[in-house]
Each structure stands twice: as structure tokens, then as C-alpha cells.
Amino acid sequence: MALRDIITLPDPKLRLVSKPIERFDADLSRLIDDMFETMYDAPGVGLAAIQLAEPIRLLVVDAAPKDGPSEPLALINPEILWSSDERRVYEEGCLSIPEYYEEVERPASVRVKYVDRAGKPQEQLAEGLLSTVLQHEIDHLNGVLFIDYLSKLKRDRVIKKFVKIARRDDGKGRL
Ligand code: GNR
Ligand code: NI
């Protein structure tokens with residue numbers, strides 16, 4: 001297992017549409033392990049492969065309560081089958097947009113189909129934080145970031161801030 005660097009705004013790779021996974025091999029298994037390790041280390045509740053610069057349709061999540069047992073889920077080629085009409089607002093953040101948080105409204109519940117790391121088709125009905133995080137991660141696979149749901153003024157402001165940071169350092173927000 002290995003910790004890997006998370007790419008940040010304004011890296012253009014974050015705007016790629018990731019490709020479906022066809023091969024379930026040892027490389028994929030290793031990448032999944034690295035993604036969990038990197039996500040827990042960050043710490044974060046979700047991570048899409050493109051955040052490690054791998055443009056493939058893979059994400060990991062663990063939206064378990066902090067005081068309970070972990071609930072790691074790796075989703076390959078996930079698709080939203082159904083979204084509730086009911087919406088909820090959640091304050092979102094993104095490891096690729098460090099230390100920026102804003103409220104985003106999304107469907108409260110979703111049903112997602114995916115293939116697990118053993119290659120077996122699965123379905124998951126998600127509510128609460130898990131629903132929000134799954135939608136946030138599936139957006140990453142399509143090159144969409146949570147700031148895309150904000151006003152153009154707010155979005156342009158945060159992008160400009162990260163362009164400035166990238167100009168003066170390695171893009172991780174350090175001076
Ligand atoms: O760690 C994360 N927390 C989070 C909080 C609210 C909504 C979405 C997220 S996902 C984020 C990790 C991340 O950037 N995944 O792509
Ligand atoms: Ni994110």
C-alpha cells in the first residue's frame with residue numbers, strides 16, 4: 001500500500017471524463033488499496049481515482065460515523081439509477097479544493113449500481129452523508145466539481161485563489 005498525491009485545482013485533469021474499467025486485475029486492486037489509504041490519511045470520506053490522476057471510473061467512500069466501525073466501499077463503473085425528488089443541503093468540501101467549504105443542494109437519496117472489486121454487480125441505496133458523497137464522487141468521474149453548483153462569482157473567486165497558489169508553489173496550498 002502507498003500514500004499517493006492528490007491533485008488540486010486548477011489541474012486540468014480534474015475536468016477529464018474518466019473511462020470505464022474493463023480489466024479487474026492486480027493493478028486495479030493495488031490502486032483501490034492506495035485510494036483507501038490516501039483517503040483515510042487525508043482524512044476524507046470519499047475519493048475518486050482522477051484525484052490521484054488516474055482517469056478511470058473508480059471511487060472509494062467511507063461515510064461511517066466517526067465513533068463506529070468503518071464502512072469502506074469501492075465502486076467501479078458506478079451509475080445513478082434513481083434520485084429522490086427530495087433535496088438536501090450539505091456543506092461540502094473537496095480534497096482537490098483544500099480548505100474551501102460551501103453548501104450544495106442535491107437529491108437527498110440515490111440508488112447507485114456499480115461493480116465491486118471482485119467484479120460482482122451491486123446496488124446501493126444511499127441516504128444522508130453517503131448519498132451526498134456518492135454524488136460528489138460520481139461527479140468527479142464526469143469532470144464535475146462541487147464548485148460548479150455555486151454562483152459564477154463564487155466559483156471564479158475560488159478558482160482564481162488556487163491559480164494564484166499554484167503560481168507561487170507546488171499547488172498544495174503551502175507557502
Ligand atoms: O472528504 C470529503 N468530504 C465531503 C464532505 C461533504 C461532501 C462531500 C465530501 S467528499 C470529500 C472528499 C473528496 O474530495 N472526494 O472527492
Ligand atoms: Ni472531491
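All residue numbers refer to positions in the sequence shown, counting from 1. Not measured: the values here are computed from a predicted model. Just follow the structure's listing: the first ligand is 1, and inside any ligand the first atom is 1.
- Closest protein heavy atom to atom 12 (C) of ligand 1: G46 O, 3.2 Å.
- Between C94 and ligand 1, not a single N/O pair is under 3.5 Å apart.
- Counting heavy atoms closer than 4.0 Å to ligand 1, residue H136 contributes side-chain atoms (C-beta onward) but none from N, CA, C or O.
- R57 contributes a side-chain N or O that, together with a main-chain N or O of L141, makes up a donor-acceptor pair within less than 3.5 Å.
- Proximity of M39 to ligand 1 is not established, as no heavy-atom distance is less than 4.0 Å.
- Protein heavy atom nearest atom 15 (N) of ligand 1, with residue, atom name and distance: E137 OE2, 2.6 Å.
- Ion pair K120/D116 not flagged as a salt bridge, since none of the NZ, NE, NH1 or NH2 atoms sits closer than 4.0 Å to an Asp/Glu carboxylate oxygen.
- For atom 3 (N) of ligand 1, the closest non-hydrogen atom of the protein is V45 CG2, 3.3 Å.
- Summary of contacts: the protein heavy atom closest to atom 7 (C) of ligand 1 is E92 CG, 3.5 Å.
- With values rounded to the nearest 0.5 angstrom, I56 atom CD1 is found 9.5 Å from D27 atom CG.
- Looking at H140 next to ligand 1, an N or O pair under 3.5 Å apart turns up.
- Here's the thing with G44: none of its N/O atoms is less than 3.5 angstrom from an N/O atom of ligand 1.
- Within the 3.5 Å criterion, the main-chain N or O of A2 finds a donor-acceptor partner in the side chain of E37.
- Annotation: protein N, O or S atoms under 2.8 Å of the Ni ion (ligand 2) (waters excluded) comprise C94 SG, H136 NE2, H140 NE2.
- Polar contact check, Q51 against ligand 1: a nitrogen or oxygen pair lies under 3.5 Å apart.
- Using a 4.5 Å heavy-atom cutoff, the side chains of P107 and W82 are not in contact.
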